Undergrad: 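Following this message is one structure expressed as structure tokens.
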Amino acid sequence: MNWKMIFRIISYILMIEIVLMFPALLISIAEHESAAIHGYLWSFLIMAIVAALMFVLTRNARKGFNSRDGFVTTGLTWLIMSALGCLPFFISGEVPNYVDCLFEMVSGFTTTGSSILTNVEALDKGLLWWRSFSHWVGGMGILVFMLAIVPLGGRNQGFTMHILRAESPGPSVGKVVPRMRKTASILYGIYIGLTIADILFLRAGGMNWFESCCHAFGTAGTGGFGIKNDSYMSYSPYEQYVTTVFMLLFSVNFSIYFMILTKHFREAFFDEEFKAFWGIVAACIIVLTINVRNLYPTLEEAFRHSAFTTATILSTTGYATTDFNKWSAFAKAVILLMMCLGACAGSTGGGIKTIRTVLLCKILRRNLHKNLHPEEVAVVEVNGRRVDEQIIRNTEAYLIAYRVIVIAAFLLVSLDGFDVETNLSAVLATFNNIGPGLGAVGPTGNFAAYSNFAKLVLTFCMLAGRLEIYPILIFFSRKTWKKGR
């Protein structure tokens, strides 16, 4: 294990985190928020000391890197940046329980949006900004951001590919261009461009700059931290429609946008995952609109809330324009299904991912065909290309790990005594990085009533879900830490 290089990378990450946190301090200064200012200054000092010690102690780090190093780096980075990134909430006294602070920060970085805050609007503006901005930072991944701006890897060191594969959401990571650092830069360029467009559209609808930025950060990262207690319920239909559109745009594989920019329109629009995702979106909107029509005075309102809810759940953003806890059992069943399906691979969304759903359907069809015609050689193809058997095995293994973690987490959080709907939806909402669930953790509720133990279990779920299970499982595996392996 290349520990020196791992901690050298983390020292860079902590320095970047301080820089990213700095605008929140300026907002607190402008708003004369003494508690938040105190929290940020002490947090900067602690983070700077930790980063400096790591940097000095790893000055002779060699740059050789393997896949295990990449997974451990990713898991350890997300844990440390969350553990230190939550300090402003704790030191300021705005959130006095450190476990609550950690839960909130992990929820931010993993773009989950589940919250323990019972009164969001009481939080200082500087802390609200950092809370929302953490979604934007975690959406594409802090390590991907570092790869885009810091040339650490060197030629043929394997550094960038191992980290990008470990952190990027989806069953596989390909190169947009031959150089991985250039790929990271292109992806972030698209990310920034879409975010700015979202801010401008929201601003045109009447939101002030602070609200527009905070909501765009949550939409871009598909996070969902609201800055009002009612999330999106009090905003205008125009602002709700704008956010619906952008939540769906950020749910699409960013490689599709690169294909469009390079005029490969046929490859983009006929991509199987792309078509399947929009088919699922259309079907869910239609079904929900029909099912909840009698709950709203007009068809437009029923359609708007159904479209927003479909977008917010499938994209795993978690904003809400209505209390879908009051919808029918069938509508809530559709919502639970959407929680698992999630967005596209290579997007900022969570969940199982559409491409895995497509693959699993094709694998099932192949297996049925082989049972009927055992003498034939059947292959799985996506976009006209044969899918490697290793990817198929990884997809099946992912689904097994997914079920094991959901069942184990559900049993553990059930020790707190909440009803089955609340506990199951809490696990699905955190593991799939959705945000709100059903029951007590629905769009008008929060996770504050859970015990510290349950919150730590759900924190693990958020990290495992955002990092596609393997980096966290590998990080906590006993074999990872054995010498000579």
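Note that this is a predicted model, so its numbers are computed, not measured.
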Undergrad: Is the ring pair Tyr296/His305 parallel, tilted or perpendicular, if the boundaries are 30 and 60 degrees?
TA: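 Geometry flag for His305 against Tyr296: tilted rings.
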Undergrad: Where does the angle between the aromatic ring planes of Trp129 and Phe217 fall among parallel (under 30°), tilted (30 to 60°) and perpendicular (over 60°)?
TA: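 Taking Phe217 first and then Trp129, their aromatic rings stand perpendicular (interplane angle over 60°).
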Undergrad: Name all residues meeting the side chain to side chain donor-acceptor pair (under 3.5 Å) criterion together with Ser328; count only those two or more places apart in sequence or in a different chain, and write none if there are none.
TA: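 Ser328 satisfies side chain to side chain donor-acceptor pair (under 3.5 Å) with Asn291 once adjacent residues are dropped.
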Undergrad: Under 3.5 Å, is there a donor-acceptor pair between the side chain of Thr316 and the main chain of Ile434?
TA: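 Flag not set: sc Thr316 to bb Ile434 has no pair under 3.5 Å.
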Undergrad: Indicate whether any N or O donor in one side chain lies under 3.5 Å from an N or O acceptor in the other, for Ser451 and Asp416.
TA: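 Yes - a donor-acceptor pair under 3.5 Å links their side chains.
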Undergrad: Considering only distance and modelled atom types, tabulate donor-acceptor pairs under 3.5 Å from the side chains of residues 335-346, sequence neighbours left out.
TA:
none

Undergrad: If I take atom CD1 from residue Ile13 and atom CE from residue Met54, how far apart are they, to the nearest 0.5 angstrom?
TA: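 The CE atom of Met54 is 11.0 Å from CD1 of Ile13, to the nearest 0.5 Å.
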Undergrad: Which residues satisfy the side-chain contact (heavy atoms from CB on, under 4.5 Å) test with Ser28, sequence neighbours excluded?
TA: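 Testing Ser28 for side-chain contact (heavy atoms from CB on, under 4.5 Å), a comparison that skips the adjacent residues, returns Glu33, Ala36, Ile37, Tyr40.
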Undergrad: Aromatic rings Tyr191 and Phe254: how do their planes relate, parallel, tilted or perpendicular, breaks at 30° and 60°?
TA: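 Rings of Tyr191 and Phe254: tilted, as their planes differ by 30° to 60°.
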Undergrad: As a test of understanding, state which of Leu117, Thr118, Asn119 forms a side-chain contact (heavy atoms from CB on, under 4.5 Å) with Asn229.
TA: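 In the set Leu117, Thr118, Asn119, the residue that makes a side-chain contact (heavy atoms from CB on, under 4.5 Å) with Asn229 is Asn119.
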Undergrad: So which atom in Phe308 and which in Ala320 form the shortest heavy-atom distance, rounded to 0.1 Å?
TA: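 Minimum heavy-atom separation between Phe308 and Ala320: CE2-N, 3.8 Å.
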Undergrad: For the residue pair Tyr319 and Tyr232, categorise the inter-ring angle as parallel (less than 30°), tilted (30 to 60°) or perpendicular (more than 60°).
TA: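 Rings of Tyr319 and Tyr232: tilted, as their planes differ by 30° to 60°.
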Undergrad: Just by modelled atom types, is the Ala448 backbone N or O under 3.5 Å from a matching donor or acceptor in the Lys455 side chain?
TA: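 Yes: the side chain of Lys455 pairs with the backbone of Ala448.
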Undergrad: Minimum heavy-atom separation for Glu104 to Ile116, with atom names?
TA: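 Smallest heavy-atom distance, with atoms named: OE1-N, 3.0 Å.
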Undergrad: Under the rule for side chain to side chain donor-acceptor pair (under 3.5 Å), what residues qualify as partners of Tyr241, not counting sequence neighbours?
TA: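 Result, side chain to side chain donor-acceptor pair (under 3.5 Å) vs Tyr241: Glu300.
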Undergrad: Any side-chain to backbone donor/acceptor pair from Arg356 onto Ile352? Under 3.5 Å, distance only.
TA: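 Between the backbone of Ile352 and the side chain of Arg356 there is a qualifying donor-acceptor contact (under 3.5 Å).
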Undergrad: Please determine if Arg8 forms a cation-pi arrangement with Phe55, meaning its NZ or CZ atom is less than 6.0 Å from the six-membered ring centre and no more than 45° off the ring axis.
TA: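 Verdict for Phe55: a cation-pi partner in Arg8.
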Undergrad: Applying side chain to side chain donor-acceptor pair (under 3.5 Å), can you list everything that pairs with Ser34, at least two apart in sequence or on another chain?
TA: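 Ser34 satisfies side chain to side chain donor-acceptor pair (under 3.5 Å) with no other residue.
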Undergrad: Could you tell me which residues satisfy side-chain contact (heavy atoms from CB on, under 4.5 Å) with Ile196, sequence neighbours excluded, listed by chain and number?
TA: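 Here the qualifying residues are Ile192, Leu200.
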Undergrad: Test the Lys353-Tyr398 pair against the cation-pi criterion, namely NZ or CZ under 6.0 angstrom from the six-membered ring centroid and within 45° of the ring axis.
TA: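 No, cation not above the ring by the 6.0 Å, 45° rule.
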Undergrad: In terms of ring plane angle, is the pair Phe90 and Tyr98 parallel, tilted or perpendicular, where the classes change at 30° and 60°?
TA: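 Phe90 and Tyr98: perpendicular rings.
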Undergrad: Regarding Lys332 and the six-membered ring of Phe324, is the cationic atom NZ or CZ under 6.0 Å from the ring centre and inside 45° of its axis?
TA: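 No; the conditions do not both hold, so Lys332 does not lie above the ring face of Phe324.
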Undergrad: Which label fits Phe246 and Phe201: parallel for a plane angle under 30°, tilted from 30 to 60°, or perpendicular past 60°?
TA: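 Phe246 vs Phe201 ring planes: tilted.
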